[in-house]
Amino acid sequence: MTSVRIPGDWPTTEGAARAIQDGLRGRVVLDEPGPPPGTGRVTGVDVAYDDERDLVAAAAVVLDGASLEVVAEATAVGRISFPYVPGLLAFREIPTVLAALDALPCPPGLVVCDGYGLAHPRRFGLASHLGVLTGLPTIGVAKNPFTFTFTAPATPRGSTAPLLAGTEEVGRALRTRDSVKPVFVSVGHRVGLANACAHTLALTPAHRLPETTRRADALCRRALREAVGADPGTDRGTDRGLPSGPGRTGDRGPRARLDPPDRP
DNA sequence: GCGACAG
DNA sequence: ATCTTGTCGC
């Protein structure tokens with residue numbers, strides 16, 4: 001497992017973080033269909049936190065697209081780089097996720113994120129951000145509709161309904177199991193929405209959530225437990241390789257929520 | 001003014 | 001995200 005250092009120029013304020021999103025948004029590629037489902041590799045990434053100890057652990061798990069067997073995995077641990085702010089999730093997850101992806105012994109192929117891509121107040125969610133930074137095809141599969149609206153998809157697995165920001169379809173509510181609450185799929189980078197949904201279905205043969213995120217979730221939680229509960233005995237005065245970066249943003253009291261969508 | 005908002 | 005026991009169901 002590798003450790004992460006937060007970049008010295010990492011944003012400290014919400015305004016700076018939003019400005020970065022606005023500056024990078026134009027680099028998202030939306031006109032590529034992306035790799036066909038059931039082929040190549042598909043990688044799940046996820047993150048777990050221990051706010052008390054200021055720790056974050058990320059995992060990247062590579063699956064064979066056809067068999068869904070695990071091909072490779074990697075984890076990374078670091079300090080929390082940003083507080084949770086709706087709309088700015090990427091700044092909390094990206095440094096550690098990038099480190100985990102870098103630690104993989106093979107190319108990730110399509111990356112499946114836990115969260116959103118295009119379905120974002122500024123159309124630049126975690127999946128989009130990660131895609132632009134890595135150049136990899138990415139999609140986002142979220143468990144909640146965030147601030148978007150949708151009508152319930154039909155009962156059978158595979159049914160979809162548009163995820164809407166007003167009248168704009170920013171993603172799709174996709175039923176991955178009969179009669180079970182849908183997941184919310186949106187495009188990240190270099191993948192089309194229909195293909196993103198097809199991938200999500202290919203990754204959900206038995207559960208509501210994609211095998212990629214299930215595997216990554218289990219692995220990052222384990223990595224966090226091990227990073228916390230490790231060797232409480234011998235090496236007292238020694239640190240555990242966790243660098244102290246510029247530090248995270250200070251606590252914020254009750255705050256205003258998301259800014260209204262800036263693209264009417 | 002209050003509410004509500006990926007993880 | 002995280003705090004948490006047993007319980008219903010495939």
Side-chain angles (χ1 to χ4, degrees), chain A residues 14 17-18 21 44-60 77-98 100 111-131 138-150 157 163-166 170-174 176-188 196 200 204-210 212-214 216-225 227-229 248-249 251-262:
Chain A
E14 297 177 21
R18 282 190 220 97
Q21 294 181 325
V45 293
D46 194 19
V47 171
Y49 303 94
D50 183 331
D51 284 282
E52 293 290 283
R53 312 189 186 216
D54 190 32
L55 283 178
V56 51
V77 175
R79 307 192 103 86
I80 295 177
S81 56
F82 207 83
Y84 171 66
V85 178
L88 300 179
L89 177 64
F91 295 94
R92 189 168 165 79
E93 312 215 326
I94 276 186
T96 320
V97 166
L98 285 178
V111 177
V112 180
C113 299
D114 209 346
Y116 282 116
L118 229 207
H120 177 273
R122 284 169 295 283
R123 303 298 180 268
F124 195 70
L126 172 63
S128 315
H129 202 145
L130 188 63
T138 61
I139 67 173
V141 179
K143 300 182 271 309
N144 301 295
F146 200 8
T147 61
F148 305 103
T149 61
F150 69 102
R157 159 179 156 85
L163 185 63
L164 303 170
V170 294
R172 220 158 261 174
L174 170 65
T176 54
R177 298 292 288 162
D178 291 359
S179 305
V180 172
K181 173 182 175 174
V183 295
F184 304 88
V185 180
S186 61
V187 159
T200 303
T204 50
H207 298 277
R208 172 182 177 237
L209 298 178
T212 38
T213 81
R214 288 169 48 77
D217 178 78
L219 183 55
C220 69
R221 291 192 194 215
R222 184 156 62 79
L224 184 62
R225 288 200 315 265
V228 169
R248 57 195 180 120
T249 305
D251 290 297
R252 288 173 175 58
R255 64 179 302 286
R257 299 303 188 174
L258 286 181
D259 303 321
D262 53 22

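Owing to the predicted nature of the structure, the values given are computational and were not obtained by experimental measurement. Below, chains carry the letters A, B, ... as their sequence lines are ordered, and counting in each starts from 1.
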**Asked** Just to confirm, is there a sub-4.0 Å distance from OP1 or OP2 of B:dA6 to any side-chain nitrogen or oxygen of A:K143?
**Response**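 No, because none of the side-chain N or O atoms of A:K143 sits under 4.0 Å from OP1 or OP2 of B:dA6.
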Discussion item. OP1 or OP2 of B:dA6 versus the side-chain N and O atoms of A:R92: is any pair under 4.0 Å?
Written reply: no
Base, sugar-phosphate, or nothing: which does [X] touch, judged by heavy atoms less than 4.0 Å apart?
X	answer
A:R177	nothing
A:Y49	sugar-phosphate
A:A119	nothing

Take the angle between the ring planes of A:F146 and A:Y116 and call it parallel below 30°, perpendicular above 60°, tilted in between. parallel
| query | In terms of ring plane angle, is the pair A:F124 and A:H129 parallel, tilted or perpendicular, where the classes change at 30° and 60°? | reply |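 Tilted: the ring planes of A:F124 and A:H129 meet at 30° to 60°.
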Checking contacts here: which listed nucleotide ([options]) is nearest the side-chain heavy atoms of [X]?
X	options	value
A:N144	B:dA6, C:dT2, B:dG7	B:dG7
A:H120	B:dG7, B:dA6, C:dT2	B:dA6
A:D46	B:dG7, B:dA6, C:dT2	B:dG7

Length of the line joining [X]:[atom1] and [N]:[atom2], which is rounded to integer Å:
X	N	atom1	atom2	answer
A:D114	B:dA6	CG	C1'	8 Å
A:Y84	B:dA4	OH	P	14 Å
A:I94	B:dG7	CD1	P	15 Å
A:L88	B:dG7	CG	C1'	12 Å
A:L209	C:dA1	CG	C1'	14 Å
A:L224	C:dC3	CG	P	9 Å

Check your understanding: Is there side-chain contact between A:I80 and A:V56, with at least one heavy-atom pair below 4.5 Å?
Key -> yes
Quick check, are the ring centers of A:F150 and A:F184 under 6.0 angstrom apart?
-> yes
query = With distance as the sole test, does A:R208 use its side chain to make a donor-acceptor pair with the main-chain N or O of A:K181 at under 3.5 Å?
reply = yes
